[in-house]
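What follows is a single structure, written as structure tokens, with notes after it.
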Amino acid sequence: MTTAPQHLSVMRPFRRPWLWLSLWLLLFVLVAVGSLMSPDKLPPVDISGFDKVQHFVGYAVLSAGAVALFARLRTQALIALVIIGFGIGLEFAQASLTTDRMGDVADALANSLGVLGGLLLSSTPAARWLQRLDARLP
């Protein structure tokens, strides 16, 4: 396994750092598009409160991605704050940039709790799952 170039030294060592970083950033794009897209174009959710679970899981995945990509807890925590800001920003964007979506404090809270949930993986063996996958790929 080769190490990341010096300018990526905050990342864990990967053979393909740009692939994993690009896929993680693509997740942000997908979350933003899904958050700002008209609800008519999204699959219906008929379970009351289930959207909060979706918010929690989506932001937990973003945060877990940071834990998997970045080596130090301090970097992971700083990125977690950025992700929380991203979620809050999207709630404001829903309220101000769309006519059929509304910002929701409960969604922002679910997003933030998801980020913290993903950050909790930092001290577990799950933090290195992406490195193990990277090493096994041809």
Side-chain angles (χ1 to χ4, degrees):
M1 180 168 30
T2 60
T3 58
Q6 185 65 24
H7 65 282
L8 294 178
S9 62
V10 296
M11 291 182 65
R12 295 183 189 276
F14 291 103
R15 290 175 35 207
R16 304 164 188 84
W18 290 108
L19 170 66
W20 305 121
L21 188 60
S22 298
L23 290 174
W24 180 63
L25 293 173
L26 178 63
L27 288 176
F28 282 90
V29 172
L30 294 174
V31 167
V33 169
S35 296
L36 299 174
M37 184 181 290
S38 172
D40 297 337
K41 296 181 179 176
L42 296 172
V45 177
D46 294 332
I47 302 170
S48 178
F50 185 70
D51 71 312
K52 303 306 180 255
V53 173
Q54 290 174 312
H55 282 267
F56 180 91
V57 170
Y59 281 80
V61 168
L62 289 175
S63 182
V67 166
L69 286 168
F70 299 97
R72 300 193 190 328
L73 180 58
R74 179 181 175 150
T75 304
Q76 296 165 2
L78 289 172
I79 291 172
L81 290 174
V82 169
I83 298 170
I84 289 171
F86 174 73
I88 292 169
L90 280 177
E91 292 302 319
F92 278 107
Q94 284 180 339
S96 61
L97 299 177
T98 67
T99 57
D100 51 0
R101 303 292 296 253
M102 60 182 217
D104 185 357
V105 173
D107 287 349
L109 179 60
N111 298 345
S112 300
L113 291 173
V115 171
L116 295 176
L119 189 58
L120 288 175
L121 295 176
S122 182
S123 61
T124 71
R128 297 191 183 276
W129 70 270
L130 191 56
Q131 284 179 289
R132 290 189 295 272
L133 175 63
D134 183 63
R136 290 184 180 168
L137 292 176

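Only this structure's heavy atoms are used, side chains among them; waters, hydrogens and symmetry mates stay out.
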Quick check: is [Y] connected to [X] through a chain of hydrophobic side chains (ILVMFWY, heavy atoms under 4.5 Å apart)?
{"X": "L120", "Y": "L78", "result": "no"}
{"X": "L25", "Y": "I84", "result": "yes"}
{"X": "L27", "Y": "W18", "result": "yes"}
{"X": "F50", "Y": "L113", "result": "yes"}
{"X": "L90", "Y": "L116", "result": "no"}

How close do A64 and L121 get, counting heavy atoms only, and between which atoms?
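Minimum heavy-atom contact is CB-CD1, 3.7 Å.
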
Can you see which heavy atom on H55 is nearest to which on A110, and at what distance?
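Answer, listing the atom of H55 first, then A110: CB-CB, 3.8 Å.
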
With R128 via side-chain hydrogen bond (donor to acceptor under 3.5 Å, both in side chains) - residues at least two apart
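R128 satisfies side-chain hydrogen bond (donor to acceptor under 3.5 Å, both in side chains) with Q131 only.
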
Calculate, to the nearest 0.5 Å, the distance between atoms [atom1] and [atom2] belonging to [X] and [Y] respectively.
{"X": "L130", "Y": "F14", "atom1": "CG", "atom2": "CZ", "value": "4.0 Å"}
{"X": "I88", "Y": "E91", "atom1": "CD1", "atom2": "CD", "value": "9.0 Å"}
{"X": "T124", "Y": "W129", "atom1": "OG1", "atom2": "CH2", "value": "12.0 Å"}

For residues 103-112, which residue pairs pass the salt bridge (charged side-chain N to carboxylate O under 4.0 Å, His left out) check, not counting sequence neighbours?
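Matches after skipping sequence neighbours: K52-D104, K52-D107.
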
What salt bridge (charged side-chain N to carboxylate O under 4.0 Å, His left out) pairs are there with at least one residue in residues 111-123, not counting sequence neighbours?
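For residues 111-123: none.
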
Residue pairs fulfilling side chain to side chain donor-acceptor pair (under 3.5 Å) with at least one residue in residues 92-103, sequence neighbours excluded
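Listed by first then second residue: S38-D100.
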
Sequence neighbours left out, what pairs pass side chain to side chain donor-acceptor pair (under 3.5 Å) with at least one residue falling in residues 59-88?
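As it turns out, the side chain to side chain donor-acceptor pair (under 3.5 Å) pairs with a partner in residues 59-88, which skip direct neighbours, are Q76-S122.
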
Counting only heavy atoms not in R132 (residues, nucleotides, ligands), do more than 12 fall under 6.0 Å from its CZ?
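Counting neighbours around CZ of R132, more than 12 heavy atoms of other residues, nucleotides or ligands fall under 6.0 Å, so yes.
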
Donor-acceptor contact present, side-chain R12 to main-chain V67, <3.5 Å:
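Looks like yes, one N/O pair under 3.5 Å.
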
If you apply the rule salt bridge (charged side-chain N to carboxylate O under 4.0 Å, His left out), what do you find for R16 with D134, and how did you get there?
CA-CA 7 Å; R16 304 164 188 84; D134 183 63; 3.0 Å; yes

F28: which residues meet the ring-ring contact (aromatic ring centres under 6.0 Å, His included) condition with it, sequence neighbours left out?
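With neighbours one apart ignored, the set is W24, F86.
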
